[in-house]
Amino acid sequence: MQRKAYVPGVAVLLAAVLTACTGSGDDGTPDDPRPGEVTASASTAQPGRYDTLPEACGSIDDDTLDALLPGLKQLPDAEQREEAYEGRATLTYDTDRKAGCRWKVESPTATDYLFVDFERVVSFDGTVSDDSKAQEVYGGKVEAADLPEPSPSTTEGAGEGDEGKEGEGSGGSSAAPSQSASPSDAPESSKSPKSSKSPKPSDSSGSSESSGSSGSSGSSDASGSASASATPASLLPRTLDGLGDEAFLDDALGTSRQRTVTVVFRTSNVIVTIEYEEQPATTTDVPDSEEMQDRARNLAELLAEAFDE
């Protein structure tokens with residue numbers, strides 16, 4: 001009988017222990033929101049500002065095309081001229097993600113090419129925003145452009161050059177600023193832009209004749225060095241301020257004297273690329289670097305304003 005009385009006591013003790021264990025399990029409930037917290041942090045990556053793209057061939061008005069492609073107005077056939085204004089759309093499988101257009105116009109003095117490309121960047125990582133992904137893509141383009149590092153001496157020289165340009169107008173310092181800006185050009189090519197932009201063509205022919213005489217290599221090296229040091233920093237490949245969220249400009253002169261000016265800028269999750277090229281009809285002519293850069297930058301500013309609307 002005493003054993004029977006003892007067993008219920010043990011049962012009561014076990015019940016108390018089980019109750020305590022159940023209570024401690026309830027105390028662990030505050031940890032339950034942790035999975036929700038991780039989900040909330042992952043969902044903080046915001047989509048980009050743009051979810052579609054404009055039609056590239058229709059993004060540039062006729063007046064702007066006239067400035068970039070002087071040969072347009074010279075086309076004699078009206079149907080051919082209209083087709084030239086329309087441009088040719090690049091192949092794409094998703095116009096909301098990628099859109100581009102090309103123009104090519106020939107004239108007696110040169111052939112001009114224009115390419116405009118819109119790329120909408122989308123991040124498929126829930127923890128990375130579209131803007132952040134676009135910054136990464138843009139950074140790759142900057143790295144590929146291999147822009148020269150600005151130096152204090154170059155910057156100071158650029159300031160002096162700008163002041164001289166303002167004081168002298170279109171003469172003097174503006175005669176040979178930019179064609180030697182291409183990092184890949186040899187000293188010979190850096191001299192040609194100087195002669196092409198010089199207001200006195202006879203000077204350039206004279207220098208050509210003198211280069212054939214003895215001792216010309218020394219004067220040639222000195223001339224190339226002086227031309228390079230006189231190039232304003234404002235015309236060298238560089239990053240640009242006040243254009244989209246970030247932007248850069250590249251300027252390259254090819255071996256056949258064709259010049260290509262490239263402007264790339266990012267606005268939110270869209271990257272815009274402009275390639276403007278001119279091939280002279282003769283190798284003795286060199287396209288004006290400053291003029292082409294101004295045209296390309298003006299177009300970039302118009303496109304950036306259109307994206308902001």
* Derivation of the side-chain hydrogen bond (donor to acceptor under 3.5 Å, both in side chains) call for Tyr50 and Thr267 -> CA-CA 9 Å; Tyr50 306 101; Thr267 173; 3.3 Å; yes
Look up atom [atom1] in [X] and atom [atom2] in [Y], then write down how far apart they are to the nearest 0.5 Å.
| X | Y | atom1 | atom2 | result |
| --- | --- | --- | --- | --- |
| Asp130 | Ser268 | CG | OG | 7.5 Å |
| Phe115 | Asp117 | CZ | CG | 4.0 Å |
| Leu68 | Asp63 | CG | CG | 11.0 Å |
| Glu277 | Asp112 | CD | CG | 9.0 Å |
| Asp251 | Thr262 | CG | OG1 | 8.5 Å |
| Asn298 | Gln293 | CG | CD | 11.5 Å |

* Might you confirm whether atom CD of Glu83 has over 12 heavy atoms from other residues, nucleotides or ligands at distances under 6.0 Å? =>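 Check fails, neighbour count at 12 or below.
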* Asked: Near Arg97 CZ, under 6.0 Å, is it more than 12 heavy atoms from other residues, nucleotides or ligands?
  -> yes
What's the shortest heavy-atom distance between [X] and [Y], and which atoms?
| X | Y | value |
| --- | --- | --- |
| Ala45 | Ser129 | CB-N, 3.7 Å |
| Cys57 | Gly87 | SG-C, 4.2 Å |
| Ala84 | Leu75 | CB-CD1, 3.8 Å |
| Ala110 | Pro280 | CB-CA, 4.0 Å |
| Ala296 | Val261 | CB-CG1, 3.9 Å |
| Ala99 | Ala56 | C-CB, 4.0 Å |

* Knowing that exactly one of Thr273, Leu299, Thr90 qualifies, which makes a side-chain contact (heavy atoms from CB on, under 4.5 Å) with Val116? -> Leu299
* Asked: Of the options Leu236, Val263, Val264, which is the one that meets Leu249 in a side-chain contact (heavy atoms from CB on, under 4.5 Å)?
  -> Val263
* Asked: Has the side chain of Glu290 got a donor or acceptor atom that lies under 3.5 Å from a matching backbone atom of Leu235?
  -> no
* Asked: Quick check: does any side chain N or O of Gln46 sit under 3.5 Å from a backbone N or O of Asp131, one acting as donor and the other as acceptor?
  ->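 It does not hold such a pair.
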* Passes side-chain hydrogen bond (donor to acceptor under 3.5 Å, both in side chains), Glu136 versus Ser132? Steps please. -> CA-CA 6 Å; Glu136 179 183 340; Ser132 297; over 6 Å; no
Any [X] side-chain heavy atom under 4.5 Å of [Y] side chain:
| X | Y | value |
| --- | --- | --- |
| Leu65 | Leu114 | yes |
| Tyr93 | Leu91 | yes |
| Arg238 | Leu240 | yes |
| Arg81 | Val105 | no |

Flag the pair [X] and [Y] as a salt bridge only when some basic side-chain nitrogen lies within less than 4.0 angstrom of an acidic carboxylate oxygen.
| X | Y | result |
| --- | --- | --- |
| Lys133 | Asp125 | no |
| Glu278 | Arg259 | no |
| Asp96 | Arg120 | no |
| Asp288 | Arg295 | no |

* To do: Report the C-alpha separation of Asp66 and Tyr85 in whole Å, then their side-chain angles, then the decisive distance to 0.1 Å, and conclude whether the side-chain hydrogen bond (donor to acceptor under 3.5 Å, both in side chains) test is met.
  => CA-CA 9 Å; Asp66 286 337; Tyr85 275 110; 2.5 Å; yes
* Please work out whether the ring planes of Phe307 and Phe118 are parallel, tilted or perpendicular, with thresholds of 30° and 60°. =>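 If you compare the ring of Phe307 with that of Phe118, the planes turn out perpendicular.
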* Same cluster for Phe248 and Val121 if Ile/Leu/Val/Met/Phe/Trp/Tyr side chains link at under 4.5 Å? ->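 Cluster IDs for Phe248 and Val121 match.
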